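Notes follow once the structure below has been shown.
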Amino acid sequence: MSDTASPPIRLADYCPPAWTITDVALVFDLERESSAVEATLALRCDDPGATLRLDGEDLELLAIELDGRALAAEDFAQDGSGLTVHAARGLAACTLRTRVRVHPAANTRLEGLYTSGSLLLTQCEAEGFRRITFFVDRPDVQARWRTTLRAERAQYPVLLAGGDRMAECDLGDGRHEAEWHNPHPTPCYLFALAAGPMARVSKAITGADGRAIELNVWVEGEDAEPCRYALGAVERALRWDESRFGRCYDLGVFNVVAAQDFTMGAMENKGLNIFNARYILADERTATDADFMGIESVVGHEYFHNWSGNRVTLRDWFQLSLKEGLTVFRDQEFTADLHSRDLKRIDDVRLLRARQFAEDAGALAHLVRPAEYREINNFYTLTIYEKGAEIVRMLHSRLGEAAFRAGMDRYFADNDGRSATLEDFYAAHSAATGIDCTDMLAWYAQAGTPVLDVERSFDPSTGGYTLVLRQRPPANVPDAAPLPIPFRLALYAADGRALPPPDAHDADPIPGGLLLRHATHTLRWQGLDAEPLPVLNRGFAAPIRLRMPMRPEERARIVQVESDGFARWDALQHLALDVLLARAGESVDGLGDVDAAEAALSAALGALLADTQAHPAFVAECLALPDFDTLADAVAVVDPGALAAARERLGLSLATAHREALQQRVDALRAAARGGLDDAAMAARSFRHAALAWLSRVDGGAAARRLWADAGSMTERMAALRALLHAKAEGAAPAREAFAAEFADHALVTDKWLAVVATRPAADALDDVEALVAGPYWHPTNPNRVRAIVGSLARLNPAAFHRDDGAGYRFVAAQVQALDAINPQVAARLLGAFEGLPRWTVAARGAAIAALAPMRSAALSRDVAELLGRLPA
Ligand code: BES
Ligand code: ZN
């Protein structure tokens with residue numbers, strides 16, 4: 001705790017390690033309360049004379065010997081962060097053996113070795129391995145690993161570690177032992193073990209290279225059936241990486257374990273992925289469609305790390321986006337290839353614009369490759385992940401699929417078994433393609449979202465049409481230089497025909513578009529009959545804010561003429577955003593009369609609802625109005641009450657106008673919605689449930705009650721329950737009681753209804769949340785439960801979080817401080833809810849700053865202290 005004074009770590013200070021570890025042998029004697037870890041490290045010194053320094057935290061040192069000789073007290077020194085071995089000075093190589101004791105059951109940080117239910121588990125990324133044993137805990141130290149696990153057989157019948165299983169034997173005294181071997185050079189953050197009573201589902205397959213591979217998905221207890229879907233996802237991911245990227249799996253076994261207590265979503269440990277149970281366990285009785293989709297994508301993500309992260313790892317943590325941004329890009333493509341590319345793009349851009357843009361414009365904004373940090377755990381952010389993925393996507397757009405694939409092959413070949421930097425990645429792509437794309441690195445070194453201002457002009461006398469594109473620095477980074485932007489556009493003639501590309505331009509052509517490199521570019525067309533309709537940043541090829549005033553009827557027409565699904569959705573969202581902003585009192589260029597604009601929006605939605613050919617899932621995406629974060633991102637000063645109110649009013653007005661059409665399509669899709677887990681059935685449900693959210697605003701909950709009575713799957717039950725509870729409709733309370741009772745012993749389903757309660761869009765939802773935190777559902781050591789209750793309120797309930805009396809801010813601040821003593825990572829993430837503070841109204845800002853004030857004098861973790869230090873005081 002309390003570490004405010006520790007200096008930041010700087011990228012500029014990077015030095016290769018003086019001592020590296022080539023081989024590791026670990027022997028664990030596993031017990032809940034106290035486990036012993038013996039580590040034998042083969043060490044090599046590359047810098048003669050350098051001191052041997054090992055990281056280690058909260059370790060009780062039991063024994064230490066160097067090259068077979070027990071060390072005396074003066075031969076080494078232990079402090080709060082590690083161990084210095086004086087006796088190794090001057091050696092070129094040595095073998096160090098240590099024995100330490102750790103306390104898994106008392107470990108609520110869930111970093112290092114900890115317990116979850118009856119299981120013993122590890123979580124090492126980023127710097128958790130130093131809580132297991134003394135080690136050079138940095139990603140550029142890669143060793144070969146042998147792990148021996150010993151434990152009582154009755155309590156720990158299954159013993160798993162990373163790599164392939166070598167041997168298993170009985171130790172005679174009720175204990176047994178298993179040995180695992182990982183032959184690939186691997187940094188310690190990818191080490192894992194899992195032990196305890198577990199059941200599995202399993203499948204034997206043959207890899208594209210002929211390797212026999214056993215796929216296993218494990219869960220605590222005796223029933224592994226809920227792991228079936230995840231097992232299928234593992235196989236789909238493996239096959240996809242073989243065919244799209246030519247990457248094969250490289251061990252004889254791939255184990256995945258589901259854990260009820262897990263801080264993050266999942267972790268890509270070599271050969272032994274460990275997952276938050278919410279991204280594994282699923283059947284139609286307990287999981288929603290969104291859960292199934294989330295499972296497939298997270299399973300894919302962690303699997304894909306086996307190449308992008310594990311075989312090629314990071315030189316240092318500043319390069320985090322090299323593995324995370326790239327792997328998010330890969331998991332996005334996986335989902336797009338298996339399902340709908342347009343819908344996937346819509347979902348990803350929605351998240352990026354609502355949350356990453358806000359992060360990049362707020363108090364916690366940081367570079368995709370930060371220059372410094374105090375606590376690396378604070379940098380697993382939307383900027384590293386989602387913006388990082390967008391940069392890789394821009395590279396893909398610029399090169400095209402075939403050249404991108406050649407660049408990836410080169411990157412993997414050149415860096416296999418090594419630790420790499422972002423420079424290595426762009427160098428490989430440049431070398432393989434002959435296209436110098438190292439200018440993309442500028443995206444990693446500049447915070448904020450670039451703005452592209454577009455000016456259009458048409459000369460009816462000549463038919464000349466001009467677009468002037470001006471790149472402007474982000475508001476919070478006024479001195480930013482222009483970045484390379486791949487740009488896609490289309491022009492439509494009056495009859496809906498797509499026009500050819502510009503006759504003249506000053507940009508570089510790339511597949512399907514142009515590369516903008518300068519502050520200003522001009523594109524010209526000649527001989528047009530009439531002013532065309534421009535559709536810009538098609539497919540959202542670059543993560544920028546596009547500013548071009550457009551009339552409402554122009555945006556509405558894009559929905560009719562455009563073929564790119566993303567661009568159609570984007571046009572409608574933009575129109576809705578303009579209307580919402582105008583209703584909230586903002587001035588919006590090009591909008592004109594706001595009533596007329598709302599009428600245009602309503603007509604466009606009406607046309608979509610009437611179009612029986614329109615894809616139901618696409619229409620559902622269009623029904624979802626821009627969320628609070630998207631609105632907040634678009635204004636200079638955020639008045640939370642005014643934005644939330646404008647959104648509620650527009651929703652009510654559109655629901656009133658389209659009540660019949662909505663009801664009609666809801667009924668028409670009833671049978672289709674019953675079709676299990678295929679995409680068509682999911683699409684029907686997503687339409688019905690989006691429509692239900694609208695209908696329940698105007699029908700007193702009638703449609704929701706019908707769905708509740710009729711619901712087949714968890715997807716339908718949750719949609720009905722949410723509509724009832726959020727509308728406080730008749731029947732809401734008994735529905736909640738019945739649901740809570742039915743799933744009282746199912747933690748993941750309980751999390752779902754708790755999150756519904758915590759997101760009811762009303763100021764007094766805070767009272768419900770305070771009651772939950774005081775009651776039997778509150779388990780502050782379980783990250784999922786904390787997120788379901790407090791995280792939902794802080795991040796997804798602006799009406800309650802931004803309460804006028806400041807009670808929402810005070811509640812969240814008090815929770816952050818209390819949770820910091822349990823799990824600093826969970827606490828620090830909650831504090832992120834205050835990132836937008838600099839742009840809130842004077843009153844909101846004052847209330848939030850006052851709410852955070854008591855924390856400033858408290859003893860805090862490095863995680864919370866670092867973020868609090870970046871928030872205005
Ligand atoms: N490597 C991360 C897990 C991680 C994050 C470990 C932070 C330690 C600290 C993993 O690959 C990951 O990115 N997981 C995501 C889910 C993913 C689908 C984006 C997560 O845990 O949220
Ligand atoms: Zn990841």
Side-chain angles (χ1 to χ4, degrees), residues 226 229 276-298 347 616-617 620-621 623-624 627 662 666 669-670 672-677 679 681-697 699 701-762 765 768-769 772 777 784-785 787-789 791-793 795-797:
Y229 179 81
N276 187 321
R278 65 180 297 220
Y279 290 116
I280 295 291
L281 305 181
D283 53 37
E284 277 193 73
R285 195 181 82 87
T286 57
T288 63
D289 295 345
D291 293 332
F292 283 105
M293 294 300 286
I295 288 169
E296 187 179 70
S297 123
V298 179
D347 282 345
E621 296 283 4
L623 289 181
D627 67 6
L662 286 163
V666 163
L669 287 167
R670 182 173 179 276
R674 282 302 162 85
L677 272 182
D679 283 351
M682 281 203 276
R685 287 192 290 272
S686 75
F687 175 83
R688 277 165 56 90
H689 303 158
L692 190 68
W694 284 42
L695 283 171
S696 60
R697 291 181 159 112
D699 73 353
R705 276 189 296 279
R706 280 198 300 279
L707 182 62
W708 177 254
D710 188 43
S713 61
M714 180 54 79
T715 309
E716 297 190 322
R717 299 187 74 180
M718 283 310 299
L721 187 67
R722 177 176 300 108
L724 288 172
L725 289 176
H726 284 192
K728 275 204 152 178
E730 189 190 323
R736 169 179 156 171
E737 295 311 310
F739 191 88
E742 182 177 344
F743 294 104
D745 59 358
H746 198 297
L748 295 174
V749 180
T750 302
D751 289 339
K752 289 183 206 303
W753 76 256
L754 291 169
V756 170
V757 169
T759 51
R760 181 167 58 84
D768 299 345
V769 165
L772 289 174
Y777 291 108
N784 288 353
R785 188 55 54 90
R787 274 188 288 267
I789 300 177
S792 298
L793 180 106
R795 285 293 195 176
L796 301 170
N797 194 340

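Note that the structure is predicted; figures quoted are calculated from it, not measured.
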Looking at every heavy atom in both Met714 and Arg285, which two are closest together, and how far apart are they? CE-O, 3.2 Å

Got more than 12 heavy atoms from elsewhere within 6.0 Å of CD, Glu730? no

Might you point out which heavy atoms bring Ser792 and Ala758 nearest each other, and give the distance in Å? CB-CB, 3.8 Å

Return the CE to OG1 distance between Met682 and Thr288, rounded to the nearest 0.5 Å. 10.0 Å

Strictly below 4.0 Å, N to O, side chains only: are Asp699 and Arg705 in salt-bridge contact? no

How long is the span from the CG atom in Asp291 to the OG1 atom in Thr286, to the nearest 0.5 Å? 8.0 Å

Tightest non-hydrogen contact, residues Gly675 and Arg685, listed as N-NH1, 4.3 Å

With a 4.0 Å cut-off, would you call Arg278 and Asp751 a salt bridge? no

From CG (Asp710) to CZ (Arg717), nearest 0.5 Å: 12.0 Å

Working to the nearest 0.5 angstrom, can you tell me the gap between Leu695 CG and Leu707 CG? 11.0 Å

I need the minimum non-hydrogen distance between Leu662 and Ala691, along with the two atoms involved. CD2-CB, 3.8 Å

Determine yes or no for a side-chain-to-main-chain donor-acceptor pair under 3.5 angstrom, with Trp753 supplying the side chain and Phe739 the backbone. no

If I compare all heavy atoms of Ala720 with all of Ala704, which pair ends up nearest, and what's the gap? CB-O, 3.7 Å

Does Arg722 reach the main-chain N or O of Thr759 with its side chain, forming a donor-acceptor pair under 3.5 Å? no

Please evaluate residues Asp283 and Tyr229 with respect to the criterion side chain to side chain contact (heavy atoms under 4.5 Å, CB included), reporting the C-alpha separation (whole Å), side-chain torsions for both, the decisive distance (0.1 Å), and the verdict. CA-CA 8 Å; Asp283 53 37; Tyr229 179 81; over 6 Å; no

Closer than 3.5 angstrom, by distance alone: can the side chain of His726 be matched with the main-chain N or O of Arg697 as a donor-acceptor pair? no

Can Arg670 and Arg706 be said to form a side chain to side chain contact (heavy atoms under 4.5 Å, CB included), step by step? CA-CA 12 Å; Arg670 182 173 179 276; Arg706 280 198 300 279; over 6 Å; no

One should read off an interatomic distance between Leu623 CG and Glu621 CD, to the nearest 0.5 angstrom, of 9.5 Å

Relative to each other, are the rings of Phe743 and His746 parallel, tilted or perpendicular (30° and 60° limits)? perpendicular

Measure the OG1-CG distance between Thr750 and Asp745 for me, rounded to the nearest 0.5 Å. 8.0 Å

Would a distance-only check, ignoring hydrogens and angles, find a side-chain to backbone donor-acceptor pair under 3.5 Å from Asp289 to Thr715? no

Closest approach of Ala727 and Ser696, non-hydrogen atoms and distance? CB-O, 3.9 Å

Apply side chain to side chain contact (heavy atoms under 4.5 Å, CB included) to the pair Val666 and Leu692, showing each step before the final yes or no. CA-CA 8 Å; Val666 163; Leu692 190 68; 6.0 Å; no

Side chain to side chain contact (heavy atoms under 4.5 Å, CB included) between Arg760 and Leu725, intermediate numbers included: CA-CA 7 Å; Arg760 181 167 58 84; Leu725 289 176; 5.5 Å; no

Does the side chain of Ser713 come within less than 4.5 Å of Glu716's, by heavy atoms? yes

